[in-house]
Amino acid sequence: MTIPTRPDDSMQCLFSALEPVSSEIKVIPRKRMSWEYKGKPQLYLFMQGEISLVRVTDGLVVASAYDPHIFGLGEAIQPKRYHILRVEKKSRILAVDVENALKIFDEQNLWRDVSTTLAYFNAYLVYRDEMVLQQRTYSVIRSHLQEMIGLPLEARLNTSILDYIRLRTHLSRSSILNVIFVLKTEKHIEIKRGGFLVAINNLPEKI
């Protein structure tokens, strides 16, 4: 199971087209965002900081972004509102009216880039489901550790392994800590005081 490849070229095309008609918005950290701004449906261009996509039904974190990202494409076409956005720390975010964005996609023939980006989002949701719905507790934790080590160091040192996994799964605190204890004791992972992931030496298929 590998993380889907982010379509950087297509996303950059969308950013280049939408940024000139966007406006920066101020959002307080830990604030949940609506898909509408001043009564109008929005696309959000996440430029810098940290933002999470959260499932409405149970508050589970589906994904977190640290690099520039675009949110709201799916909601613009099919406004079901299954997820919300939550800003985790001070971030720079731009808003674009959906109506204006759709006109730009038509005028600049950007629908292929929109489709490529949406296909990536869909593949990522499938990837997340495979991670969370695995039957064995260790397999779920192992997958999340592999995901964590790919995050920026600053992000890893701001979120403990326990918090990261608990926000993204329904695993109990004790289940996670028991596995982490074994992995640390057997030197499969290196952890900084406070439970922050520093390095992965190797992760066995089973423990």
Side-chain angles (χ1 to χ4, degrees), residues 1 3-4 6-7 11 14 18 22-102 105 114-135 137 139-141 143-144 147-148 151 155 158-173 175-176:
M1 180 174 55
I3 299 176
R6 174 187 162 102
M11 292 182 73
L14 299 180
L18 296 175
S22 68
S23 56
E24 187 165 351
I25 60 173
K26 294 183 179 179
V27 184
I28 301 172
R30 302 301 294 177
K31 173 78 172 179
R32 293 187 173 191
M33 297 173 59
S34 168
W35 291 112
E36 295 186 349
Y37 184 66
K38 294 184 178 179
K40 295 183 178 181
Q42 300 290 303
L43 295 185
Y44 292 111
L45 305 181
F46 170 71
M47 309 300 290
Q48 187 178 18
E50 181 180 350
I51 192 169
S52 295
L53 185 70
V54 180
R55 196 161 65 188
V56 171
T57 53
D58 56 7
L60 201 72
V61 174
V62 176
S64 295
Y66 306 90
D67 299 315
H69 217 76
I70 182 169
F71 292 98
L73 287 175
E75 288 72 16
I77 299 169
Q78 193 67 248
K80 294 298 183 181
R81 309 294 193 256
Y82 294 126
H83 303 90
I84 57 172
L85 296 172
R86 184 177 69 206
V87 178
E88 305 295 357
K89 66 179 186 180
K90 185 178 180 181
S91 300
R92 182 168 179 254
I93 301 172
L94 309 179
V96 183
D97 286 353
V98 164
E99 184 178 355
N100 290 340
L102 296 180
F105 297 159
V114 171
S115 298
T116 299
T117 303
L118 284 172
Y120 164 71
F121 292 157
N122 183 65
Y124 192 89
L125 288 176
V126 173
Y127 161 78
R128 290 294 303 171
D129 281 347
E130 289 182 351
M131 287 180 65
V132 175
L133 298 178
Q134 297 177 72
Q135 294 183 353
T137 297
S139 297
V140 176
I141 294 173
S143 295
H144 281 84
E147 182 177 73
M148 280 195 77
L151 300 179
N158 282 330
T159 305
S160 70
I161 297 173
L162 177 62
D163 288 342
Y164 187 88
I165 297 176
R166 287 192 73 190
L167 284 171
R168 289 161 175 78
T169 71
H170 292 302
L171 296 179
S172 68
R173 175 188 178 92
S175 296
I176 299 170

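Counting from 1, the numbers follow the sequence of the chain as shown.
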What pairs with Pro4 under side-chain contact (heavy atoms from CB on, under 4.5 Å), at least two apart in sequence or on another chain?
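Partners of Pro4 by the side-chain contact (heavy atoms from CB on, under 4.5 Å) criterion, ordered by chain and then number, come out as Tyr120, Ala123, Tyr124, Tyr127.
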Can you sort out the partners of Ser115 under side-chain contact (heavy atoms from CB on, under 4.5 Å), two or more places apart, ordered by chain and number?
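In terms of side-chain contact (heavy atoms from CB on, under 4.5 Å), with neighbours along the sequence ignored, Ser115 is linked to no residue.
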Run the side chain to side chain contact (heavy atoms under 4.5 Å, CB included) check on Ser143 and Glu130 step by step: do they pass?
CA-CA 9 Å; Ser143 295; Glu130 289 182 351; over 6 Å; no
Report the residues that fulfil salt bridge (Lys or Arg N to Asp or Glu O under 4.0 Å) with Lys31, sequence neighbours left out, ordered by chain and then residue number.
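So Lys31 forms no salt bridge (Lys or Arg N to Asp or Glu O under 4.0 Å) with any residue.
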Got a sec, which residues hit salt bridge (Lys or Arg N to Asp or Glu O under 4.0 Å) with Arg128, two or more places apart in sequence or on another chain?
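Salt bridge (Lys or Arg N to Asp or Glu O under 4.0 Å) check on Arg128 returns Glu147.
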Give a yes or no answer on whether the side chain of Ser52 reaches the backbone of Val54 with a donor-acceptor pair at less than 3.5 Å.
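Side chain of Ser52 to backbone of Val54: no pair is present.
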Once rounded to the nearest 0.5 Å, what's the spacing between atom [atom1] of [X] and atom [atom2] of [Y]?
X	Y	atom1	atom2	result
Asp163	Asn158	CG	CG	11.5 Å
Leu162	Leu167	CG	CG	9.0 Å
Ile161	Ile141	CD1	CD1	10.0 Å
Ile25	Met33	CD1	CE	4.0 Å

Distance-only check: which donor-acceptor pairs under 3.5 Å involve side-chain atoms of residues 89-96, not counting sequence neighbours?
unit_1: Lys89; atom_1: NZ; unit_2: Glu154; atom_2: OE2; d: 3.3
unit_1: Ser91; atom_1: OG; unit_2: Glu50; atom_2: N; d: 3.1
unit_1: Ser91; atom_1: OG; unit_2: Glu50; atom_2: O; d: 3.4
unit_1: Ser91; atom_1: OG; unit_2: Lys89; atom_2: O; d: 2.7
unit_1: Arg92; atom_1: NE; unit_2: Glu24; atom_2: OE1; d: 3.4

Among residues two or more places apart or on two chains, list those pairs meeting side chain to side chain donor-acceptor pair (under 3.5 Å) that have a residue in residues 53-62.
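Sorted result for residues 53-62: Arg55-Asp58, Asp58-His170.
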Which residues share a side-chain hydrogen bond (donor to acceptor under 3.5 Å, both in side chains) with [X], sequence neighbours left out:
X	value
Arg166	none
Thr116	none
Asn100	none
Ser22	none

Residues which pass ring-ring contact (aromatic ring centres under 6.0 Å, His included) with Phe105, listed by chain and number, not counting sequence neighbours
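With neighbours one apart ignored, the set is Trp111.
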Per-pair distances, 0.1 Å, donor-acceptor, side chain in residues 65-86, under 3.5 Å, sequence neighbours excluded:
unit_1: His69; atom_1: ND1; unit_2: Arg6; atom_2: NH1; d: 2.8
unit_1: Arg86; atom_1: NE; unit_2: Glu88; atom_2: OE2; d: 3.0
unit_1: Arg86; atom_1: NH2; unit_2: Glu88; atom_2: OE2; d: 3.1

If you compare all heavy atoms of Phe46 against all heavy atoms of Gln48, which two are closest, and at what distance to 0.1 Å?
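Looking at all heavy atoms of both residues, the closest pair is CE1-O, 3.4 Å.
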